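Only one structure is covered here, and it is reproduced in the block below.
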There are 2 protein chains.
Amino acid sequence: MVVTEATTTKSRLLEAAGQEFAQKGYDAASIRKICDRVGANCAAVNYHFGSKEQLYLEALLEAHRCGTQVIPEEFLLQGTPAEQLARFIHHFLKNVVALAQKNTWHHTLMLREMIQPTVALETLVREAIRPKFERLLGILRRACPDVDDRRLHALAFSVIGQCLHYRTAGEVNRRLIGEDAYESLDLEFLSHHISGFCLAALGLAPPLVQSHTVSSSDVKA
Amino acid sequence: MVVTEATTTKSRLLEAAGQEFAQKGYDAASIRKICDRVGANCAAVNYHFGSKEQLYLEALLEAHRCGTQVIPEEFLLQGTPAEQLARFIHHFLKNVVALAQKNTWHHTLMLREMIQPTVALETLVREAIRPKFERLLGILRRACPDVDDRRLHALAFSVIGQCLHYRTAGEVNRRLIGEDAYESLDLEFLSHHISGFCLAALGLAPPLVQSHTVSSSDVKA
DNA sequence: GCACGTTTCAAACAGTCGTTTCAATCAACT
DNA sequence: AGTTGATTGAAACGACTGTTTGAAACGTGC
């Protein structure tokens, strides 16, 4: 599929590079294929970007520039801490995990960088990830004012880990429970589930499910 | 570092291939470097394994053969469902996430396959992952007998997601909260944290932290 | 029309990749 | 010793990689 829009060759290369890198990874992606996709000569990459590594870096920056639509601070701060957390989780699932819009390469590329870091990770964390992380820490701090930093960090990772799992291990999950069952785990359900799970753990909502009582001594049937 | 044990060339190749594939990924790893590490000729790979892809596949099988020490069923079934879940989480963190033993390539390679699947994923899921997953489902089913399958799956993913996050996003986490703070999240602390978090969410333990009460109308200070 | 800097192009560069070939080596058995 | 089959070795294969080169093509200002 050859993309030939009325934009510049450089921007078209960046777009194609983002898709190719996201899909195949840095090593497996080739600049010849990237150039072919936009109908450009393979020398164009070195002319516009200098090298393959620079192209990858610029694609990564483009990814977190386009992929991270920042929520207005004031929208996020509305309501109780519990509501703020639920809103954060919903937004995180919707945008970062991006279950619905599978054709965007931006978050896929950032995920790749997270999992197998290159020299670009430092910048990515500083520019894109840390701001969001600090917001989550703020919400959790307001929700549980008395916890120390260590517990606070672990709480944040518990929230993020649950969300990201559907991205990082999506293909495994799909095979574990079957195609149909996995598709039924849509944004709405997962958003409610993870919110309820976390809020219950924090004592900000009733337990997710009615289980055996804690006190009863049921040592297995 | 050249490894020259008294084992066969084939097994030494497999070991070196596992390390190389785990460290660099399938594409970036080269069979010449693998052979160099064990002092073998690069034709040895094609002689013993047929192709690079077959070598990768066998390394992956070796990984889940050596890396998954199955817990005796009867040890896992002791105590209440809550205790079983805590024990599962502890074991999962200890072995799969392997925070302590960083020099083993087995789980790194399997993680890679999970995140960036090849044709080998099907086998890996069937042989290594699903059995453990079914055990977790069993525990959760005993802990919450009344939930439907959809909720059950989401619960299992919440447990696994929290644990795996320290593997998949370890480097990002480290940079987000700092080296020292991340090192303080050791196996014991994380095991207790995630267990407490999940059990509280299920109503099998008191909330992790004392937060603002649910009923109070604190609309933000 | 002419010269200018920018952009594109085909071609070749040196290097690495996975794989193949075939001769040399080795251990084991008659 | 001699033969057989399994294993290793150096070298080359064709295909691909990222990168460089130098000449065309382009639009723009004089």
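Reckoned from all heavy atoms, side chains included, excluding hydrogens, waters and symmetry mates. Fair warning: this is a prediction, and the values are worked out from it, not measured in the lab. Throughout, protein chains are lettered first and strands after them, A, B, ... in sequence-line order, and every chain is numbered starting at 1.
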Under 4.0 angstrom between Asn46(A) side-chain N/O and dT19(D) OP1 or OP2: yes
Carboxylate-amine/guanidinium contact Glu127(B) Arg65(B), below 4.0 Å: no
Interatomic distance where NZ belongs to Lys52(A) and P belongs to dT16(C) [whole Å]: 15 Å
Distance under 6.0 Å and angle within 45° of ring axis: Arg150(A) vs Phe189(B): yes
Any His48(A) side-chain nitrogen or oxygen under 4.0 Å from OP1 or OP2 of dT8(C): yes
Closest nucleotide among dA12(D), dT8(C), dT17(D) to the Thr9(A) side chain: dT8(C)
Sugar-phosphate, base or nothing in reach of Lys33(B), heavy atoms under 4.0 Å: sugar-phosphate
Proximity to the side chain of Arg32(B) - top-ranked nucleotide from dG18(C), dG9(D), dG18(D): dG18(C)
Side-chain touch Leu202(B)/Phe197(B), heavy atoms, less than 4.5 angstrom: no
Intra- and inter-strand pairs of DNA chain D in dot-bracket (Watson-Crick or G-U wobble, both distances under 3.5 Å; | for another strand): ||||||||||||||||||||||||||.|||
Rounded interatomic separation in angstrom, taking CD1 from Ile31(A) and P from dC16(D): 15 Å
Rounded distance in Å - CG (Asn41(A)) to C1' (dT21(D)): 12 Å
Gap between atoms CG and C1', on Asp27(A) and dG18(C) respectively (whole Å): 16 Å
Proximity to the side chain of Ser51(A) - top-ranked nucleotide from dT19(D), dT19(C), dT17(D): dT19(D)
Length of the CG-P vector between Leu13(A) and dT19(D), whole Å: 14 Å
Tyr47(A), nearest nucleotide to its side chain (from dG18(D), dA11(C), dT6(C)): dT6(C)
Residue Ala43(A), side-chain heavy atoms: nucleotide from dT8(C), dT20(D), dG9(D) that is nearest: dT20(D)
Sugar-phosphate, base or nothing in reach of Ala28(B), heavy atoms under 4.0 Å: nothing
Distance-only donor-acceptor check, side chains Glu15(A) and Trp105(A), under 3.5 Å: yes
Interatomic distance where CZ belongs to Phe49(B) and C1' belongs to dG18(C) [whole Å]: 15 Å
Note, Gln78(B) side chain near Arg87(B) side chain (heavy atom, < 4.5 Å): yes
Side chain to side chain, Glu113(A) and Tyr56(A), heavy atoms closer than 4.5 Å: yes
Gap between atoms CG and C1', on Leu55(B) and dT19(C) respectively (whole Å): 14 Å
Out of dT8(D), dA10(C), dA11(D), whichever nucleotide has its closest atom nearest the side chain of Cys42(B): dA11(D)
Sub-4.5 Å side-chain heavy-atom contact between Leu164(B) and His165(A): yes
Separation of atom CG in Asp36(A) from atom P in dC9(C), rounded to whole Å: 11 Å
Quiz item: cation-pi between Lys10(A) and Tyr47(A), 6.0 Å / 45°: no
